[in-house]
Enquirer: 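Shown below is the structure under consideration.
Just so we're on the same page: letters track the sequence lines, and every chain starts at 1.
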Amino acid sequence: MEVDDEIIKPKVDGEEKDNRKPLVVILVGAPGSGKSTFCDHVMRVSTRPWVRVCQDTIGNGKAGTKAQCLAISSTSLKDGKSILIDRCNLDKEQRADFIKLKESYQVDVHAVVLDLPAKLCISRCVNRTGHEGNLQGGKAAAVVNRMLQKKELPKLSEGFTRITFCQNENDVQEAINTYGALSSSDVLPSGIFGEKKKDTKVQLGIMKFLKRVDAPTKVASDKTIPEPSNETTKESHHVNECQEQSGTNTLDTVPTLAFPSISTADFQFNIEKASEIIVETVEEFVNKIGNGRLVLVDLSHGSKILSLVKSKAAKKNIDPTKFFTFVGDITKLRSGGGLHCNVIANAANWRLKPGGGGVNAAIFDAAGQDLDTATKKRAGSLAPGKAIAVPLPSTSPLFSKEGVTHVIHVLGPNMNPKRPNCLKDDYNTGCKVLREAYSSLFENFASIVRTQVKSSDHEFSNGDQKVRREDGAHVNEKNKKFKGFIEVPESNNPYSVDGKQDATSSGKTGGSVNKDWGSWAQALHKIAMHPEKHQNGVIEILDDVVVLNDVYPKAQKHLLVVARAEGLDRLADVTQEHLPILRTMHDVGVKWARTFLEENQSLVFRLGYHSAPSMRQLHLHVISQDFDSKHLKNKKHWNSFNSPFFRDSVDVIQEISEEGKPTINDDEKFMSMELRCNRCKSAHPNIPKLKSHITICKSPFPANLLENERLLKKVDNAC
DNA sequence: GTTCTAGAAC
DNA sequence: GTTCTAGAAC
């Protein structure tokens, strides 16, 4: 909450009573968010007469109906008492009837949103005993999750005069202080309070899960575009907003086009005219790009084009969450500015050639040879006013480092006599061509959004942004990181084939790059090389693979199918030449899964690889989806099998055959993702709670797992 | 990969 | 007080 939360003391001119107007405060929050506590605290300290209207207790101490709540509310307001509506009120419809009290009794209606992390709410519900709502124990998580999925944050347009958002316990305490200090005649300022904090310590996954609408959206829905209050922070409002939306990570599903101002640099197009055209074209397209966003990017903080565009966009009331300006290097938006833009526009030259300086040189430079090659495949030249979208190959650093999937080349009109096709001062043609260029650019982007939407719900079910093709960059990072690992002398490993590993791992000289395994990580490698010497756990020895029971199974059935090829340490080492061995591993895994299914038809199996295994030697996990095991002890155990870190064998094989290498999701963030049930996707505060939930959860598996034979179940009519 | 354990969280 | 997590050591 901000400093402007001050209570306005109305003037008291002898007739103080006239100013006494009751107030309706609608609390909004999941079970466990602290609504009842909020009421208790406010009522304990307040001098204003309050009535708490609690649906959980309204029926003689037992749960009642919404109608009863409304009846008590009316009587209390008639008596001149203010009311606290203590029920979840999570969606607009639930709140509507209480907001109507505004007209009937001429009162102000406020909302206090207890928007605390799901994890915290669940944890409180699970722990409390004897709560009035009787929502305790194991069911709590499921209920809270279900309710939060329906959550719709309140807006002023619903009829509220004031909305206070609380995202953490400090916010809640401040809101308690504010309302607790409210005497009968005090009035609070209207508007929205409690902007989302930049450093709110909420897990990213939870943020995503809460589907939080950003504070500026709320404001924008009722007011005009918020203007930055001081000159030095001109861009910061937008910068922060973007960082939060993208979370400086790849878990960002909002398709975003970053584009430079076309023609205003080297082509010397008039900036005033250009800004007009940008804003008009944006206005035309902003509603045609689905949930996509458009971002005008410029390198310099003092950019005139950005400030002109910004003020014109504000005047036109263009939604600031759909279109905004950003200061930064267009080739480093994610890594340097925390803004993930899956598509960037290039102010290209007519030959679509790299070099030449400016944005064009920077983009071609950052994207590497791949962009040049991909561009040439599409077109040899570009006419002024036209744009062409080029999908960026996964091998491009711009793809792996910045998450850019497409570059759209645009050619604007040229007003510079030193450059080709100069229009001299013909701004009639110039404006037409520039408008055409932006239209073509946005049209191309809209088309990318449409196709990406169609194919995107195949991923991890909570809607995480596809985290594809980070392999190159990450593997390199990893190698750097692990360089400090203690090298294990071959003499310590009685089963190794001396001297061969270094040469075979990647064919490079210089040793240490490949020696990134600790001594404890060699067990599988030893077994793969000499399975006959390790009979413990080994259940099948074939020419290409060894099958063994995992020593620390994380489920009722948990096998490892280990490749026997020397130098094939992990998924990152896999190339097209390994397709046969991967298929063998898969087939052997499936065979064993079917064997177990014969014994126990209730099992469900999943086959896959860890993106970054702890044990050396490529191994396929064949694991039953009950995760019923005393060895499953921590978050990493869970997330290594239940996040994008786990790569399904079928997908790995498909990716290698189609693209030559598999996607590797080895980012640490997958290990710290919140704990979610692998069936119903409900969130749980800790491992014990998750484990007790999964023993009872009977929900079907998420749709993405049911596709493409990612799960193996008992087939009734097997021929 | 696991075990151990300090200390955070409850 | 107990439970749980997370980092270091192996």
Enquirer: Between the side chains of A:E674 and A:R676, is the shortest nitrogen-to-carboxylate-oxygen separation below 4.0 Å, so that they form an ion pair?
Expert: yes

Enquirer: Is A:R647 close enough and on-axis enough to A:Y609, meaning under 6.0 Å and within 45°, for cation-pi?
Expert: no

Enquirer: Would you classify A:L524 as touching base, sugar-phosphate or nothing, given that sugar-phosphate means primed atoms plus P, OP1 and OP2, and contacts are heavy atoms under 4.0 Å?
Expert: nothing

Enquirer: Which nucleotide span of DNA chain C, 5' end to 3' end, has atoms closer than 4.0 Å to non-hydrogen atoms of chain A?
Expert: C:dC4 to C:dC10

Enquirer: With heavy atoms under 4.0 Å as the rule, sort A:H619 into base, sugar-phosphate or nothing.
Expert: nothing

Enquirer: How would you label the contact of A:K636 with the nucleic acid (heavy atoms, under 4.0 Å): base, sugar-phosphate, or nothing?
Expert: nothing

Enquirer: Mind checking side-chain hydrogen bond (donor to acceptor under 3.5 Å, both in side chains) for A:H41 and listing every partner two or more places apart, or none if nothing turns up?
Expert: none

Enquirer: Pairs in or reaching into residues 579-591 of chain A: which pass salt bridge (charged side-chain N to carboxylate O under 4.0 Å, His left out), with residues at least two apart or in two chains?
Expert: A:E540-A:K591

Enquirer: Should the pair A:R564-A:D543 be classified as a salt bridge under the 4.0 Å nitrogen-to-oxygen rule?
Expert: no

